[in-house]
*Asks:* 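Next up is a structure, given as structure tokens.
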Amino acid sequence: MTNPEALNREKQKKRIGLPDLEIGDDKNVILRFAPNPNGPLSIGHSRGVVINSEFAKKYSGKVILRFDDTDTKVKPPLESAYSMIEEEFEWISGLKPDLVIRASSRMEIYLEAAEGMISRGICYVCRCTASEFKELRDSKEACVCRERDVGQNILDWKMMIEGGIDEGGAVVRVKTDLNLPNPALRDWPALRIQHTAHPIVGNRYKVWPLLDFQSAVEDHLQGVTHIVRGKDLMDSTRKQTLLYGLLDWDYPQTLYWGRVKLLDFGGFSTSSIRKSVENGDYSGWDDPRLPTVAALRRRGFSSESLREFWVELGLSQKDISIPMQSIESKNSKIIDRYSERRSFIESPKKLYITSENGDKIDNFGSIFINRHPDYPEMGEREWDLGDGSIFISENDYTEGLIRLKDFADVEIKGDIAVIISREKTDDLPIIHWVSSKNSTEAVMIVARGSEIDNVEGIMENIDGNLGQTLQLERMGFARIEGISDSGRISLIWLHG
RNA sequence: GCUCCUGUGGUGUAGUUCGGUCCAUCAUACCGGGUUUUCAUCCCGGCGACCCGGGUUCAAAUCCCGGCAGGAGCACCA
């Protein structure tokens, strides 16, 4: 029997962008992006920023930037990362977060919440060692601590927060059903003891919440309606849902994305990058060999390309491998529109232009070339040819006929280029070049895998494009990083 | 070992909820051609996929069962 409704269904329609969220009756949408500030953002993090902020835009909702900085030992916060992340969030999403909070400055709230839950018997203090507990948990057995009365638990709790118990000596657990099929969820740990100082709040607190607890309490307090996160946090959702059940709270809608691997970068984690940066293996967090947002930005990526890229990927739970090329192709299309053209000559070779009959000329005057071939309204660049001394790349050098782009057909003999015709002859190879009168020495930083190349060359004058991305004729995109006192230009390579 | 997630072309992705309009969408990559005084941008064409095996059904990418493969969690990390 054919379902008559099926005939009206619109299938095979390409869904564009983000999926729809389930929206509550109040139409409220509150999301959060919650990184650990143990370093600035990586490319992977940018997915979280984009997805959450784009959902907020789509539903006129709010996004909270929350620093989950409750670990002082394994992944301790980096003080400078807070402001970097806040700034990067704004750059990537194009908007300021509606609220910025730090878990470390809200410790009183979490500790109070924990104490309340211990009093109600929802949580208990467990004095077992991690390995002892693991053994019991795996066999679905309760440890002795679980059965102790609330009064005893509160005494232990007080001792914990006063620093009377060493690290590892006790932990607060959420009491769950020990017969849960998933061992990860059985009496999961909520708070633990840390005596190492926190870089922001010092050693005022001896007991710190773990992610699952802190996040659970905070999401509820902030009225978060939707959580979008990596599927590696699925068990986190399950743990938190158990806690919400005990407290009779409503758990937010949760969506996941799968693991993303960028093929052009090896296995990087924020911790490992931090170590290398602090070791001096890299010039900084924005070293172009690094998969950090800072590096992409420095090279000249547009934030728009990141937004489009992640939105188009959507929220599939598949684990995927992405070549950087797919982000780059998006970026090229976006920045081509406003990237002025300039000439950069690698391995320069000096030539002298002469007139048709081979005479040297004292002053050729100037030629004018569009800053952008498709948008003449962007103006022209003036090339003063002076006495005719120019540079072409050694790689392009060959005796015989060739077209100097936007100028003339020439015949090269030795270091002389005789003008054959100003008009272009069809089928002549075209090369880029630069007049020595309005060019200067330049160096371009190029990341090649794990190596950095400083490519020396001669660069056409840039007149006022500091910080901008340019398209280098016949090469690709690069960004102007600076000009030294001596006039030497520094470039950084973006992509082809 | 226990628990969970995911399998559509080289890489991603749409379609799977509710079986038919799907000889399967779009992008990227690749190949070929066009425009262009750049190897850029732009335009046209081509290539190429439903993990495997059963089952249900007139009809399966879609539903059921069983495999297989990849990934994640089982941290007093986030």
Side-chain angles (χ1 to χ4, degrees), chain A residues 1-3 5-16 34-38 68-71 73-76 103 126 128-130 133-134 137-138 140 167-173 180-186 188-194 207-208 210-212 214-215 229-236 238-239 256 258-261 263 269-271 308-309 312-314 316-323 325-330 332-333 335-337 339 341 343 369-370 372-374 403-409 423-426 428 430-432 471-477 496:
Chain A
M1 244 318 230
T2 302
N3 176 359
E5 305 235 338
L7 296 170
N8 304 322
R9 222 182 298 146
E10 277 195 65
K11 289 199 79 177
Q12 201 183 331
K13 196 174 175 184
K14 171 82 175 171
R15 198 198 75 228
I16 307 286
N36 178 351
N38 62 336
D68 281 352
D69 57 347
T70 58
D71 175 57
K73 221 175 168 176
V74 184
K75 294 176 181 170
C126 173
C128 300
T129 65
F133 183 83
K134 180 178 163 53
R137 182 201 57 200
D138 287 348
K140 302 184 178 179
E167 289 186 3
V171 65
V172 176
R173 297 189 178 281
L180 287 167
N182 187 343
L185 311 182
R186 296 174 200 151
W188 55 272
L191 301 98
R192 80 326 205 162
I193 297 167
Q194 292 187 129
V207 178
W208 289 81
L210 286 147
L211 167 86
D212 297 318
Q214 177 270 128
S215 178
R229 58 185 173 199
K231 69 173 187 180
D232 52 311
L233 260 24
M234 276 181 165
D235 280 349
S236 220
R238 298 181 184 110
K239 289 179 200 172
Y256 306 95
R259 217 176 72 119
V260 182
K261 192 167 147 195
L263 290 173
S269 68
T270 303
S271 314
E308 283 188 9
F309 178 74
E312 277 177 28
L313 265 194
S316 115
Q317 290 187 27
K318 252 167 89 177
D319 301 318
I320 54 175
S321 297
I322 305 284
Q325 203 179 26
S326 47
I327 305 182
E328 291 170 358
S329 127
K330 202 153 267 313
S332 297
K333 290 179 173 103
I335 66 173
D336 182 78
R337 170 65 183 84
S339 294
R341 271 50 173 174
S343 205
I369 306 169
N370 281 338
H372 192 301
D374 303 326
R403 174 78 186 175
L404 296 179
K405 186 171 184 293
D406 296 307
F407 178 52
D409 295 351
E423 293 305 306
K424 178 176 171 287
T425 310
D426 286 344
L428 218 48
I430 297 166
I431 63 168
H432 65 297
Q471 187 190 115
L472 305 178
E473 307 253 18
R474 294 177 67 226
M475 295 180 74
F477 296 95

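Order of the sequence lines fixes the chain letters, A, B, ..., with proteins taken first and strands second; residue numbering starts at 1 for each chain.
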*Asks:* Do the non-hydrogen side-chain atoms of Ile430(A) and Lys424(A) ever get within less than 4.5 Å of each other?
*Replies:*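 Yes. Closest side-chain heavy atoms under 4.5 Å.
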
*Asks:* Can you list everything that forms a salt bridge (Lys or Arg N to Asp or Glu O under 4.0 Å) with Arg474(A)? Sequence neighbours excluded, please.
*Replies:*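 Here the qualifying residues are Asp396(A).
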
*Asks:* Taking only residues two or more places apart in sequence or in another chain, which ones pass salt bridge (Lys or Arg N to Asp or Glu O under 4.0 Å) with Lys330(A)?
*Replies:*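 Testing Lys330(A) for salt bridge (Lys or Arg N to Asp or Glu O under 4.0 Å), a comparison that skips the adjacent residues, returns Glu308(A), Glu312(A).
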
*Asks:* Is the shortest side-chain N to carboxylate O distance from Asp212(A) to Arg238(A) below 4.0 Å?
*Replies:*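 So Asp212(A) does not pair with Arg238(A) through a salt bridge.
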
*Asks:* What does the B/S/- profile of nucleotides 4-9 of chain B look like, 5' to 3', with a 4.0 Å heavy-atom cutoff to protein?
*Replies:* SBSSS-

*Asks:* Rounding to the closest angstrom, what is the interatomic distance between A61(B) and C4(B) at atom P?
*Replies:*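 Pairwise P distance, A61(B) against C4(B), rounds to 29 Å.
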
*Asks:* Could you tell me how far apart Ile322(A) (CD1) and A29(B) (C1') are, to the nearest whole angstrom?
*Replies:*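 For the pair Ile322(A) CD1 and A29(B) C1', the rounded distance is 13 Å.
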
*Asks:* Say you pick atom C1' in G67(B) and the same atom in G7(B); how far apart are they, in whole Å?
*Replies:*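 It comes out at 14 Å once rounded to the nearest Å.
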
*Asks:* With Phe407(A), which residues qualify under ring-ring contact (aromatic ring centres under 6.0 Å, His included), at least two apart?
*Replies:*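 Per chain and number, Phe407(A) pairs via ring-ring contact (aromatic ring centres under 6.0 Å, His included) with Trp433(A).
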
*Asks:* Base, sugar-phosphate alone, or nothing: which one does Ser316(A) contact when heavy atoms must sit under 4.0 Å apart?
*Replies:*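 Sugar-phosphate contact only - Ser316(A) comes under 4.0 Å of backbone atoms but never of a base.
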
*Asks:* With rounding to the closest Å, how many angstrom separate the C1' atoms on A60(B) and C23(B)?
*Replies:*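 About 15 Å, rounded to a whole number of Å.
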
*Asks:* Determine the Euclidean distance between corresponding P atoms of G15(B) and U6(B); express it in Å to zero decimal places.
*Replies:*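 Roughly 14 Å separates the two P atoms.
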
*Asks:* Any protein N or O atoms within reach of nucleotides 47-51 of chain B? Criterion: under 3.5 Å, listing atom names and distances.
*Replies:*
none

*Asks:* What residues form a side chain to side chain donor-acceptor pair (under 3.5 Å) with Lys73(A), not counting sequence neighbours?
*Replies:*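 Partners of Lys73(A) under the side chain to side chain donor-acceptor pair (under 3.5 Å) test: Glu167(A).
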
*Asks:* Take atom CG of Leu263(A) and atom P of U28(B), then tell me their distance rounded to the nearest Å.
*Replies:*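 Atom-to-atom, Leu263(A) to U28(B), this comes out as 18 Å.
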
*Asks:* Here's a test for you: under side-chain hydrogen bond (donor to acceptor under 3.5 Å, both in side chains), which of Lys405(A), Arg341(A), His432(A) qualifies with Glu473(A)?
*Replies:*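 Answer to the side-chain hydrogen bond (donor to acceptor under 3.5 Å, both in side chains) test with Glu473(A) among Lys405(A), Arg341(A), His432(A): Lys405(A).
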
*Asks:* Mind running side chain to side chain donor-acceptor pair (under 3.5 Å) on Asp235(A) and Asn182(A) for me, showing each step along the way?
*Replies:* CA-CA 9 Å; Asp235(A) 280 349; Asn182(A) 187 343; 3.3 Å; yes

*Asks:* Any sub-3.5 Å donor-acceptor pair from Asn38(A)'s side-chain atoms to Lys75(A)'s backbone N or O?
*Replies:*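 Between the backbone of Lys75(A) and the side chain of Asn38(A) there is no qualifying donor-acceptor contact (under 3.5 Å).
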
*Asks:* What pairs with Asp138(A) under salt bridge (Lys or Arg N to Asp or Glu O under 4.0 Å), at least two apart in sequence or on another chain?
*Replies:*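 Result, salt bridge (Lys or Arg N to Asp or Glu O under 4.0 Å) vs Asp138(A): Lys134(A).
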
*Asks:* For atom C1', what is the distance between A24(B) and C68(B), given to the nearest Å?
*Replies:*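 Per the computed distance, 24 Å lies between those C1' atoms.
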
*Asks:* Would you please test Trp188(A) and Arg173(A) for side chain to side chain contact (heavy atoms under 4.5 Å, CB included) and show each step?
*Replies:* CA-CA 6 Å; Trp188(A) 55 272; Arg173(A) 297 189 178 281; 5.9 Å; no

*Asks:* Which residues pass the salt bridge (Lys or Arg N to Asp or Glu O under 4.0 Å) test with Lys333(A), sequence neighbours left out?
*Replies:*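 Per chain and number, Lys333(A) pairs via salt bridge (Lys or Arg N to Asp or Glu O under 4.0 Å) with no residue.
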
*Asks:* If you restrict it to nitrogen or oxygen atoms, what contacts under 3.5 Å exist between nucleotides 76-78 of chain B and the protein, and what is each distance?
*Replies:*
from   : atom 1 : to        : atom 2 : distance (Å)
C76(B) : O2     : Gly168(A) : N      : 3.4
C76(B) : N3     : Gly168(A) : O      : 3.1
C76(B) : N4     : Cys128(A) : O      : 3.0
C76(B) : N4     : Ala130(A) : N      : 3.2
C76(B) : N4     : Gly168(A) : O      : 3.0
C77(B) : OP2    : Arg192(A) : NE     : 2.3
C77(B) : OP2    : Arg192(A) : NH2    : 2.7
C77(B) : O3'    : Arg192(A) : NH2    : 3.3
C77(B) : O2'    : Asp71(A)  : OD2    : 3.3
C77(B) : O2     : Lys75(A)  : NZ     : 2.2
A78(B) : OP1    : Thr70(A)  : OG1    : 3.0
A78(B) : OP1    : Arg192(A) : NH2    : 3.0
A78(B) : OP2    : Leu211(A) : N      : 2.9
A78(B) : O3'    : Asp68(A)  : O      : 3.0

*Asks:* Once ring-ring contact (aromatic ring centres under 6.0 Å, His included) is applied, do any residues pair with Phe477(A), and if so which ones, sequence neighbours excluded?
*Replies:*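 Result, ring-ring contact (aromatic ring centres under 6.0 Å, His included) vs Phe477(A): His495(A).
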
*Asks:* Please measure how far the P atom in A59(B) lies from the corresponding atom in U41(B), and state the result in whole Å.
*Replies:*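 Comparing P positions in A59(B) and U41(B) gives a spacing of 49 Å.
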
*Asks:* Round to a whole Å and report the spacing from CD of Glu312(A) to C1' of G12(B).
*Replies:*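 In whole Å, G12(B) C1' and Glu312(A) CD are 10 Å from each other.
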
*Asks:* Specify the separation, in whole Å, of atom NZ of Lys261(A) and atom C1' of G70(B).
*Replies:*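 My rounded result for the distance is 11 Å.
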
*Asks:* Quick check against the 3.5 Å criterion: does Arg186(A) have a side-chain atom that pairs as donor or acceptor with the backbone of Leu180(A)?
*Replies:*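 Flag set: sc Arg186(A) to bb Leu180(A) pair under 3.5 Å.
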
*Asks:* If a pair means Watson-Crick or G-U wobble with both distances below 3.5 Å, what does RNA chain B look like in dot-bracket form, with | marking bases paired to a different strand?
*Replies:* (((((((..(((.......[.....))).(((((.......)))))....(((((..]....))))))))))))....

*Asks:* Would you mind building the protein contact string for nucleotides 33-41 of chain B? One character per nucleotide, 5' to 3', B for base within reach (heavy atoms under 4.0 Å), S for sugar-phosphate only, - for untouched.
*Replies:* ----BBBBB

